[in-house]
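Taking it in order: structure first as structure tokens, then the write-up.
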Amino acid sequence: MCLATVQKESDNTVICKMVSRIDVDGDKVILRDIMGETKVIEGKILMVDLANSIVKLDCQ
């Protein structure tokens, strides 16, 4: 199983850890962690590093 850490691109602030699913709905990024908790962030995905399990978002 590959779980990701999602960070803000601007300052590398961690938004969510242990993310198991990411969905995109228009300008919203929906993050679901391994426990099933969901966060909805306005922004866009800038980068996905599968080798290091890091996702960078452009968001406020």
Side-chain angles (χ1 to χ4, degrees):
M1 179 183 294
C2 180
L3 301 173
T5 298
V6 178
Q7 302 174 338
K8 282 186 183 180
E9 172 66 22
S10 59
D11 59 5
N12 292 331
T13 300
V14 174
I15 298 171
C16 193
K17 290 185 178 182
M18 308 275 288
V19 174
S20 61
R21 181 178 174 124
I22 300 172
D23 294 299
V24 177
D25 182 15
D27 64 346
K28 293 183 177 72
V29 179
I30 302 141
L31 309 171
R32 184 174 304 140
D33 70 14
I34 195 167
M35 300 301 289
E37 294 203 27
T38 301
K39 278 190 179 181
V40 178
I41 307 291
E42 282 195 38
K44 62 182 178 179
I45 297 173
L46 295 178
M47 185 274 297
V48 177
D49 180 347
L50 297 175
N52 294 305
S53 299
I54 302 238
V55 177
K56 300 267 183 159
L57 297 184
D58 178 16
C59 61
Q60 306 308 350

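Only this structure's heavy atoms are used, side chains among them; waters, hydrogens and symmetry mates stay out.
Partners of Ser53 according to the side-chain hydrogen bond (donor to acceptor under 3.5 Å, both in side chains) rule, which considers only residues two or more places apart in sequence or in another chain, do not exist here. Asp49 meets the side chain to side chain contact (heavy atoms under 4.5 Å, CB included) test with Met47, Ala51, Asn52, Ile54; sequence neighbours excluded. Partners of Ser10 under the side chain to side chain contact (heavy atoms under 4.5 Å, CB included) rule, at least two apart in sequence or in another chain, are Lys8.
The two atoms that bring Cys59 and Glu42 nearest to each other are CB-O, 3.2 Å, heavy atoms only.
Other residues sharing the hydrophobic cluster of Ile22, ordered by chain and number and joined by side-chain separations under 4.5 Å: Val6, Ile15, Val19, Val24, Val29, Leu31, Ile41, Ile45, Val48, Leu50, Val55, Leu57. Through direct or indirect side-chain contacts shorter than 4.5 Å among Ile, Leu, Val, Met, Phe, Trp and Tyr, Ile30 is connected to Val40.
Note that CD of Gln7 and CG of Asn12 are 5.0 Å apart. Values are rounded to the nearest 0.5 Å.
Residue pairs satisfying the salt bridge (charged side-chain N to carboxylate O under 4.0 Å, His left out) criterion with at least one member in residues 16-29, sequence neighbours excluded, are listed as follows: Arg21-Asp23.
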